[in-house]
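To start, the structure itself, in structure tokens.
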Amino acid sequence: MELLHNIIENKFTLGVIGIGRVGLPFGVSFAQKGVNVVGFDINEEIIRKVNSGQAPFFEVGLQDYMNEVSRTKKFTATNDHSLLQNVDVVIITVGTPLNTHMVPDYSQLFSALDKIVQYPISNKLIIIRSTSSPGTLESIVKPYIERKTNLKAGEDFFLAACPERIAGGKCIEELHGLPEIIGGISENCSRLTAEVFRKLNPNKKIFFTTPKSAELAKLFANVYRYVNFALANEFGLIAEEHGEDAHEIIKIVNEDYNRGKIPLPGLTGGPCLSKDGYFLTQHMPFPEFIHMASQLNENIPHHVISKLKKELAKENKTLVQCKVAVLGLAYKSGIDDTRLSPAVKLVDVLNGERCEVVTYDPYVNPSSGSLNDVVKDVDAIIIATNHPEFKILPTVLNGMTSNPIVIDCWRMFDGKELKGKYIAFGKGK
Ligand SMILES: NC(=O)c1ccc[n+]([C@@H]2O[C@H](COP(=O)([O-])OP(=O)(O)OC[C@H]3O[C@@H](n4cnc5c(N)ncnc54)[C@H](O)[C@@H]3O)[C@@H](O)[C@H]2O)c1
């Protein structure tokens with residue numbers, strides 16, 4: 001097979017459609033390994049930044065890789081999809097969000113497919129990396145491309161699902177290290193896809209399965225985490241009810257006990273975990289488990305605010321009279337991604353309560369002043385993201401005359417080091 005030979009010999013061009021949080025680190029990592037990569041996007045701002053050598057978002061190691069591939073000229077970004085003609089392998093990494101009915105929205109995926117089929121695809125390999133519901137590759141993408149091109153998948157062109165499993169903040173490291181789960185339409189489709197990934201790491205572990213199992217594997221992993229985080233949050237609520245400390249209990253349970261490590265409570269969300277369960281709930285007999293996890297996790301910001309309200313009531317205050325600082329907007333520590341972030345939800349709910357809200361996130365807004373300035377005259381502080389930069393909070397507060405209430409959603413502190421009232425999610429009394 002000529003394409004196989006060309007991939008092995010690195011005589012091919014890789015096209016990445018959608019150079020967002022997944023596609024850009026992906027494309028740049030291949031370029032860093034010497035593969036010629038063209039990144040396609042419809043967002044002019046992203047293209048401009050990338051072509052000027054600037055990472056459009058923060059991701060550990062990405063800027064270093066971009067500096068390197070800017071020098072070698074192995075990666076270019078464009079919105080000119082006619083350049084797909086020059087590409088041998090196309091990987092689709094566009095967004096697959098949910099619509100307002102909580103149903104997957106594949107409009108970006110189909111806009112990418114529509115671009116691909118405008119140009120000859122004979123003997124080319126198309127890999128779907130975006131998250132999708134089980135059956136999307138075989139029952140929707142394959143017949144769609146075949147109808148538009150009159151070509152047959154597995155014979156005239158090659159098609160595989162290989163869903164992305166990296167976590168934001170660890171993209172570069174995990175792209176090299178994580179095993180790939182490949183579900184090709186046929187054996188040759190899988191084989192070609194595996195050779196592409198071996199360009200990243202020749203020793204990469206690769207599992208071959210059906211397209212549907214590959215799609216399911218990705219979803220199982222995320223739903224497992226999400227449901228377990230919901231259960232940990234439920235434990236947090238139960239411990240509070242009993243006036244006890246969920247963190248302490250869970251740490252004792254986990255110590256030298258290998259039958260399942262219980263995660264710690266915290267704000268749970270983000271662009272993958274929050275939505276991926278809904279890629280399964282459409283066609284399953286008992287979707288309640290996933291729905292319940294979602295309801296529970298989505299309710300934690302409200303719960304945290306009700307804890308604050310109770311504390312304020314003890315001082316005869318209501319939220320509308322108060323100024324509250326929310327520390328962190330990103331959905332998790334050490335990143336600048338705010339999509340479906342519970343911290344953002346918390347801010348929205350506080351705004352709905354008409355209290356004065358100030359926010360501080362050194363990753364999301366690196367030029368937004370200092371922690372000192374943000375907390376200096378507030379009634380309460382909510383630690384919504386456990387960025388390590390917030391560890392200095394006790395020192396900052398010790399240097400101030402005021403004594404704001406601190407609500408810690410992550411147990412960054414044990415409370416003793418803070419001079420004012422300290423409240424933690426998952427801790428009663
Ligand atoms: N972000 C993560 O941590 C992560 C992890 C694993 C999997 N995923 C999955 O990977 C996929 C991509 O996620 P993301 O976070 O990178 O999304 P993103 O929104 O950051 O990036 C998608 C990009 O695709 C571009 N795009 C849309 N339509 C296009 C078209 N027709 N042609 C060219 N570009 C187009 C958008 O402009 C955007 O830049 C999703 O399915 C997501 O669920 C994401």
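The structure presented is a predicted model; accordingly, all values stated were derived computationally and were not measured. Each ligand, and each atom within it, is numbered from 1 in the order the structure gives.
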Self-check item: Pro56, Pro163, Cys272: member with heavy atom nearest to atom 2 (C) of ligand 1
Solution: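 Looking at heavy atoms only, Cys272 sits closest to atom 2 (C) of ligand 1.
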Which protein heavy atom lies closest to [atom], and at what distance to 0.1 Å?
{"atom": "atom 11 (C) of ligand 1", "result": "Val94 O, 3.3 Å"}
{"atom": "atom 21 (O) of ligand 1", "result": "Gly20 CA, 3.3 Å"}
{"atom": "atom 9 (C) of ligand 1", "result": "Thr131 OG1, 3.4 Å"}
{"atom": "atom 41 (O) of ligand 1", "result": "Thr96 OG1, 2.5 Å"}
{"atom": "atom 10 (O) of ligand 1", "result": "Val22 CG2, 3.5 Å"}

No-hydrogen, no-angle side-chain donor-acceptor test under 3.5 Å, [X] and [Y]:
{"X": "Asp80", "Y": "Thr78", "answer": "no"}
{"X": "Ser133", "Y": "Thr136", "answer": "no"}
{"X": "Thr385", "Y": "Asp361", "answer": "no"}
{"X": "Asn99", "Y": "Tyr278", "answer": "no"}

Practice problem: With heavy atoms of Lys218 as the reference, note each atom of ligand 1 found under 4.0 Å away. | Solution: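 Within the 4.0 Å cut-off of Lys218, ligand 1 contributes 6 (C), 7 (C).
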Quiz item: Would you say Arg339 has any N or O atom under 3.5 Å from an N or O of ligand 1, going by distance alone?
Solution: yes
